[in-house]
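Position 1 is the first residue of the sequence; numbering continues from there. Worth saying up front: this structure is predicted, and the values here are computed from it rather than measured.
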Amino acid sequence: MTTAKWIWICRVALAILLGLCCVGADVPNGYHREICQYRKGLPMQPHSEYRNRLLAIREQMLIRATLEGPEIYGYILPSTDEHLNQEVAARDQRLHYLSGYTGNRAFAAITQSGAAIWLENRFARQADGELDCDWQIFLNDGNVTIADWLGSQLHMNKRIGADPQLVPHHLWLTWEREMAAKFLKLIRVNSNLVDMIWDPDRPEPPKHHVIEVQPRDYAGEKWEDKVNELRRRLRHLNCDAMVVTSLTEIAYLLNIRGTDIPYTPVVKSFVIVSHEDIFFYVDHAKISINIDLHLRTDCYNENCVKIKEYQRVWSDIRTYVQIWKRILVPAPCVQEPGASEAIYTAVPAKNLVEHISPIIFMRAQKNSEEQEGMRKAHIRDGAAMCEAISNLEARFYTELWTEEKIKYEVELMRLSQSNAKGLSLRTVVAYGEHSALPYYISSNVTNIEVSDQSLLVIESGGQYLEGTTDVSRTYIFGEPTRDMKRAYTAVLAGILHISNLIFPASVKPSGVDSVVRAKVWHEMTDYPQETGHGIGAYGSVEEPPISVSYGQNSSYHFKQGYFFSSESGFYKRDDYGVRIKNVLEVLDSGRTTTTGEHFLAFQPVTLVPYEPKLIDGSMLSSDEKRMLNKYNAKIRKDIGDELKRLGNMKAFYWMMNKTRHIREYLPEDEYRAAMGGVCRTHSHLPLIAVFLMILASFIRPMWQL
């Protein structure tokens with residue numbers, strides 16, 4: 001027998017062995033679902049519409065997918081939309097329609113015999129209450145990947161399908177590599193299978209979502225100037241054009257805002273910018289006369305926008321690659337996932353230039369009008385929070401309160417403010433053991449009653465014409481324990497230090513992380529989330545390039561005009577948690593190092609009182625107390641003026657009480673008492689000193705003799 005035949009036989013034997021191992025392998029166990037322990041494979045309800053949809057999509061995997069090739073045996077469905085947004089419009093909530101899961105940041109995988117979902121730990125309990133027992137739950141940071149699960153479900157050489165419009169290009173490459181290691185093949189299925197079974201009942205695009213112009217008073221500069229700056233940067237990169245896929249970048253670039261997705265004021269669209277043209281791909285029903293005038297759609301030069309139907313972007317890319325030799329396609333940048341696999345596939349490799357979007361850095365550095373707008377937005381937001389929490393405290397013992405009821409009150413007060421345009425994130429209200437979960441998301445499924453026995457964490461934010469806010473505070477309505485005060489004060493101290501930090505401009509964001517965490521580390525604990533991230537001006541609550549986390553080796557630096565969130569936390573498992581978050585502005589201190597490098601400084605723009613009942617003054621240094629008094633004085637001035645302008649004296653007096661001046665230096669006896677010492681045990685020290693002086697007066701004459 002020839003060597004070639006032996007090699008062929010060995011390969012076949014190895015393939016058969018691996019196939020048997022894969023089929024025989026145990027199905028990975030995911031998140032323990034106690035409710036499903038005795039209902040394996042059974043629906044939560046006797047008649048489950050979600051089970052019927054699961055059966056329907058399995059049918060599509062075998063029938064409809066054959067229109068694009070052989071049938072597929074597995075299908076991956078992300079929770080994102082075509083622009084890779086985590087929060088999506090009702091029309092794009094495909095994962096919710098299929099499974100009943102209402103959270104985000106998730107991926108589902110379906111085979112003919114199983115269904116599984118991967119999500120963040122904070123959504124696990126919510127998913128457990130919403131999903132039928134047909135579904136297994138896995139955590140994104142767990143040991144079981146999508147490829148591992150599919151490998152345990154399927155034989156070798158089976159095809160796995162996914163919609164390339166919903167998957168970032170770099171994630172697609174990762175999946176492709178992991179599937180290949182399991183002898184599976186990932187293929188593009190351009191017709192989304194959920195849309196196939198959803199069509200009759202799928203929500204229509206809202207007809208009343210008209211695009212709004214962001215006035216120059218708030219935007220700070222004309223959109224034409226932004227486009228010209230983008231073109232200048234494209235020339236520097238030797239690129240002929242750029243495909244803009246991020247909705248927040250499009251909103252910034254064209255000075256427009258919309259209501260197409262929750263929590264972020266954007267318009268579902270694409271933009272292509274070349275040195276001669278600007279193409280805007282959007283639903284024509286959203287275009288008003290104001291937008292036509294704003295974007296100058298009636299002229300034909302390089303600063304006039306040509307509006308086309310949303311789906312035309314794909315044919316235009318294929319057409320214009322014949323003209324443009326180098327096309328910039330966005331690459332990932334911190335929180336931004338870059339362009340989808342579909343965009344990367346549409347641009348030929350010889351024309352494609354993969355690069356971080358220049359718009360990210362243009363947008364991050366706010367101009368003077370945007371900076372002033374962000375400060376005004378946080379004054380409005382601070383007044384809203386003072387009103388909400390003062391009302392909550394006043395009514396706390398006369399009504400029954402739950403997490404969801406408090407969430408409603410906080411959102412109501414925020415949305416009642418002038419120029420309020422909506423929320424910037426899902427409001428989180430976490431009480432007791434829920435507050436001990438760093439990534440907890442409150443919902444009707446997990447809702448519990450709130451009492452005065454433990455800590456309450458509220459994380460929320462708003463969208464205003466002037467800017468975007470993001471704030472976290474921790475409260476207690478009863479009396480805190482010593483451990484609670486110690487935890488809260490450690491967190492507060494870190495926030496005070498970073499809010500007053502002055503540092504050389506060359507320091508990376510990861511380098512300032514330890515300033516916030518130092519006090520928490522001193523308590524021999526840490527918090528898992530990143531300390532901070534960039535924030536937009538009436539845009540996204542989380543935007544690149546800033547990410548403050550000591551585990552990330554980012555090459556980006558702070559610049560004057562950047563705004564970012566600063567967060568610290570303390571979590572005692574199954575008991576309570578503390579979280580404080582402010583938005584900080586980056587300032588130029590006006591000073592330089594001996595080598596000529598600029599010093600930058602941080603300044604808090606969030607103006608919401610801390611909880612004085614939770615502050616242990618003996619843990620704060622005199623400098624930290626001075627920082628706290630300075631912050632409280634700013635709240636009294638700026639928020640006090642706003643509350644008086646609104647005529648809300650009840651919230652005004654509540655705020656004044658929460659921001660009272662604290663003594664920066666304690667008398668020695670009070671300090672020793674606070675530190676646990678008993679001062680009166682030392683009251684005899686003066687008598688001892690007098691005795692020693694008298695004794696010395698006798699000894700000295702005797703010594704002279």
*Under 4.0 Å between a Lys/Arg side-chain N and an Asp/Glu carboxylate O for Lys421 and Glu212?*
yes
_Does this structure show an ion pair linking Asp513 with Arg517, if we count only N-O contacts that are shorter than 4.0 Å?_
yes
*Is the closest basic N to carboxylate O distance between Glu585 and Arg375 below 4.0 Å?*
yes
*Nearest 0.5 Å, what's the OG1-CG distance between Thr245 and Leu84?*
6.5 Å
*With respect to Glu530, which candidate in Ser549, Ser565, Ser547 satisfies the side-chain hydrogen bond (donor to acceptor under 3.5 Å, both in side chains) definition?*
Ser547
*asked:* Looking at every heavy atom in both Val267 and Leu247, which two are closest together, and how far apart are they?
replied: O-CD2, 3.3 Å
*asked:* Check the orientation of Phe558 and Phe564. Use parallel for under 30°, tilted for 30 to 60°, and perpendicular for over 60°.
replied: tilted
_So that I know where these two stand, are Tyr631 and Tyr610 an aromatic pair - ring centroids less than 6.0 Å apart?_
yes
*salt bridge (Lys or Arg N to Asp or Glu O under 4.0 Å) between Glu387 and Arg380: does it pass, once the steps are laid out?*
CA-CA 11 Å; Glu387 186 174 359; Arg380 297 187 192 279; over 6 Å; no
*Looking only at heavy atoms, what is the nearest atom pair of Ile639 and His378, with distance?*
CD1-O, 4.4 Å
*asked:* Rounded at 0.5 Å granularity, tell me how far CG in Leu119 sits from CG in Asn104.
replied: 10.0 Å
*Does a side-chain N-to-carboxylate-O contact under 4.0 Å join Glu459 and Arg426?*
no
*Candidate pair Glu249 and Ser357, rule side-chain hydrogen bond (donor to acceptor under 3.5 Å, both in side chains), full reasoning*: CA-CA 9 Å; Glu249 292 179 25; Ser357 170; 2.7 Å; yes
_Testing the basics here: between Lys625 and Glu664, what is the closest heavy-atom pair and its distance to 0.1 Å?_
CD-O, 3.6 Å
*Glu221 and Arg216 ion-paired at < 4.0 Å*: no
_Could you check whether Glu466 pairs with Lys376 (Lys NZ or Arg NE/NH1/NH2 to Asp/Glu carboxylate O, under 4.0 Å)?_
no
*Polar side chain donor-acceptor pair, Asp381 to Thr469, under 3.5 angstrom*: yes
*Interatomic spacing from CZ in Phe563 to CD in Gln603 - rounded to 0.5 Å*: 8.0 Å
*Which of parallel (below 30°), tilted (30 to 60°) and perpendicular (above 60°) describes His434 and Tyr440?*
parallel
*Is the centre of the Phe280 ring less than 6.0 Å from the centre of the Trp223 ring?*
no
*asked:* Would you compute the distance between atom CZ of Phe602 and atom CG of Leu501 and round it to the nearest 0.5 angstrom?
replied: 5.5 Å
*asked:* If you take the centroid of each ring, where Trp contributes its six-membered ring, are Phe123 and Trp118 closer together than 6.0 Å?
replied: no
*In chain order, what residues pass the side-chain contact (heavy atoms from CB on, under 4.5 Å) check against Ala388, with sequence neighbours excluded?*
Val410, Met413
_Lys226 NZ/CZ over Tyr252 ring centroid, <6.0 Å and within 45° of normal_ = yes
*Look up atom CD1 in Ile535 and atom OG in Ser424, then write down how far apart they are to the nearest 0.5 Å.*
6.0 Å
*Ile498 versus Val516, closest heavy-atom pair with distance*: CD1-CG2, 3.3 Å
_Residues Arg231, Glu302: salt bridge by 4.0 Å N-O rule_ = no
*Lys407 with Glu411: basic N within carboxylate O range, under 4.0 Å*: no
*Any side-chain heavy atom of Thr248 within less than 4.5 Å of one from Thr264?*
yes
*Straight-line distance of Leu628 CG to Ser499 OG, nearest 0.5 Å*: 10.5 Å
*asked:* Once you measure the plane-to-plane angle for Tyr344 and His170, does it fall in the parallel (<30°), tilted (30-60°) or perpendicular (>60°) bin?
replied: perpendicular
_Regarding Thr474 and Glu611, do their side chains bring together a donor and an acceptor under 3.5 Å, going by distance alone?_
no
*Would you find more than 12 non-hydrogen atoms of other residues, nucleotides or ligands less than 6.0 Å from Arg235 atom CZ?*
yes
*Any side-chain donor paired with an acceptor under 3.5 Å for Glu567 and Gln529?*
yes
